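FYI, side chains are in, hydrogens and waters are out, and symmetry mates aren't considered; it's all heavy atoms of this structure. Atoms within a ligand are numbered from 1 in the order they appear, just like the ligands themselves. Being a predicted model, the structure only gives us computed values, none of them experimental.
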Amino acid sequence: MLGPPGSGKGTQGELISQRYRLPRISTGDILRRAVRDKTPLGLEAEAMMNRGVLVSDEIVLGIIRQRIAADDCRPGYVLDGFPRTVRQAEALETLETDRPERALELRVDLPELVKRLSARLVCSRCSAVYNLLVEPPRQAGVCDACGGPLIRRKDDEPQVIAERLNVYRKEAEPLREFYTSRNAYFAVDSQGSAQDVFGRVSAYLDGILTGVAGRTGEARG
Ligand code: AMP
């Protein structure tokens with residue numbers, strides 16, 4: 001899944017994971033866990049993440065290589081936040097030769113993204129995502145799913161949000177071209193409720209699974 005920060009990759013990835021029984025792999029979640037646990041990987045990635053810039057391709061490729069080799073990934077998987085660069089996309093192609101990737105980009109306009117990111121809270125224990133405007137937790141500051149404490153991500157501070165959106169804008173176009181040239185790029189309007197967006201996402205995925213979907217295109221809301 002491609003899409004700027006705040007476009008709903010985590011939420012839609014989770015819905016895809018549940019409906020199609022595929023593991024969701026979020027490089028951001030894996031990195032945040034490593035930072036929290038102060039592993040060598042986390043210590044290396046932390047400064048970059050706090051600034052809102054990308055960590056090295058070597059780090060994320062190491063994570064992906066190891067994760068997609070696990071048994072539960074045999075039927076397929078949903079990648080959330082990876083690939084972020086053409087170099088990562090090329091590396092993924094060589095790691096996964098049996099099944100070609102499909103890229104699904106979630107599109108949201110800028111004012112809406114800033115609004116969503118500023119209102120976002122995440123569970124520090126299970127990574128569930130909440131939005132104070134549209135999807136607040138039942139009890140303030142507490143995760144509905146696991147009871148863990150909700151926090152604002154360090155990189156959801158306004159200056160860092162701006163940097164992350166810049167990084168995305170720079171990397172997104174080459175990635176779109178990369179997957180379009182492989183006839184494997186699809187864009188979905190990710191504005192509206194999570195369920196509305198998932199309606200568009202699942203219509204596309206169902207089309208792939210039944211073999212009737214075009215390989216490249218766009219679904220507007
Ligand atoms: P996310 O949760 O996907 O927004 O990722 C949070 C941060 O983790 C990003 O701002 C990057 O610093 C880092 N990160 C996550 N995925 C990648 C990736 N594929 N390549 C490089 N850095 C990444």
Side-chain angles (χ1 to χ4, degrees), residues 1-14 16-17 23-68 77-96 101 103-108 110 112-131 150-176 178-179 190:
M1 282 194 304
L2 313 179
S7 59
K9 299 189 297 294
T11 303
Q12 295 300 319
E14 213 36 59
I16 295 171
S17 168
R24 176 178 76 98
I25 303 172
S26 155
T27 40
D29 281 354
I30 294 171
L31 287 166
R32 273 185 291 280
R33 219 171 300 135
V35 169
R36 188 192 64 197
D37 296 344
K38 299 194 172 14
T39 67
L41 174 75
L43 294 175
E44 201 177 334
E46 185 170 15
M48 309 302 272
M49 293 178 72
N50 286 347
R51 278 172 43 210
V53 297
L54 297 183
V55 308
S56 73
D57 286 341
E58 283 63 37
I59 290 186
V60 277
L61 284 169
I63 292 174
I64 289 291
R65 190 175 296 119
Q66 191 182 18
R67 182 64 187 88
I68 67 178
Y77 41 79
V78 186
L79 296 175
D80 163 358
F82 179 94
R84 290 272 237 280
T85 62
V86 168
R87 190 159 163 247
Q88 292 177 10
E90 285 167 348
L92 179 61
E93 248 181 359
T94 64
L95 286 178
E96 172 58 280
E101 288 79 36
L104 178 67
E105 182 174 18
L106 301 180
R107 295 205 175 213
V108 178
L110 189 61
E112 172 70 16
L113 283 178
V114 173
K115 200 169 93 188
R116 286 188 189 182
L117 290 168
S118 320
R120 174 158 81 174
L121 290 180
V122 295
C123 175
S124 57
R125 201 180 290 157
C126 76
S127 306
V129 181
Y130 296 86
N131 184 298
L150 300 184
I151 54 167
R152 180 185 292 276
R153 278 172 48 168
K154 272 200 183 142
D155 57 359
D156 281 345
E157 301 298 335
Q159 343 53 300
V160 188
I161 290 176
E163 178 59 24
R164 290 164 64 214
L165 292 171
N166 267 337
V167 168
Y168 184 77
R169 212 168 304 135
K170 200 166 95 226
E171 302 291 351
E173 193 48 38
L175 270 180
R176 279 184 207 116
F178 180 89
Y179 284 111
S190 192

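- Annotation for ligand 1: atoms under 4.0 Å from non-hydrogen atoms of M49 are 7 (C), 8 (O), 12 (O).
- By the 3.5 Å distance cut-off applied to N or O atoms, T27 is counted among the residues near ligand 1.
- With respect to atom 14 (N) of ligand 1, the closest heavy atom belonging to the protein is L31 CD1, 3.6 Å.
- Taking any N or O of V53, backbone or side chain, at least one lies under 3.5 Å from an N or O belonging to ligand 1.
- Residue R32 places a heavy atom less than 4.0 Å from ligand 1.
- The shortest N/O to N/O separation between V55 and ligand 1 falls below 3.5 Å.
- Between the side chain of K9 and the backbone N or O of D80, no donor-acceptor pair lies under 3.5 Å.
- Both the backbone and the side chain of L54 come within 4.0 Å of ligand 1, counting heavy atoms alone.
- When heavy-atom distances to ligand 1 are checked against a 4.0 Å cut-off, K9 has no atom that comes that close, whether in backbone or side chain.
- In terms of polar-atom proximity, defined here as any N/O pair under 3.5 Å, R84 does make such a contact with ligand 1.
- Of the polar atoms of D29, none of the N or O atoms is found under 3.5 Å from an N or O of ligand 1, judged by distance alone.
- Within ligand 1, the atoms closer than 4.0 Å to a non-hydrogen atom of R164 are 4 (O), numbered from 1 in the order shown.
- Checked for salt-bridge contact, E112 and K115 meet the test: a charged N lies under 4.0 Å from a carboxylate O.
- In terms of modelled atom types and a separation under 3.5 Å, the side chain of R153 and the main chain of V122 share no donor-acceptor contact.
- Counting heavy atoms from C-beta on, the side chains of I30 and V60 never come closer than 4.5 Å.
- L117 and R164 get closest at one heavy-atom pair: CD2-NH1, 4.4 Å.
- Nearest non-hydrogen protein atom to atom 20 (N) of ligand 1 is Q88 NE2, 2.9 Å.
- With S17 contributing its side chain and G13 its backbone, the two residues share no donor-acceptor pair below 3.5 Å.
- In E163, neither the side chain nor the backbone holds a heavy atom less than 4.0 Å from any atom of ligand 1.
- Nearest protein heavy-atom contact of atom 4 (O) of ligand 1 is R153 NH2, 3.1 Å.
- Residues R87 and E58 are paired through a salt bridge, judged by an N-O separation under 4.0 Å between the basic side chain and the carboxylate.
- For the pair E171/L54, a side-chain contact is recorded, criterion being any heavy-atom separation below 4.5 Å from C-beta on.
- A 4.5 Å side-chain heavy-atom check between M1 and I16 finds at least one atom pair inside the cut-off.
- Smallest separation of non-hydrogen atoms from L113 and P5: CD2-O, 3.3 Å.
- Near D155, with a cut-off below 4.0 Å to any heavy atom, the atoms of ligand 1 are 6 (C).
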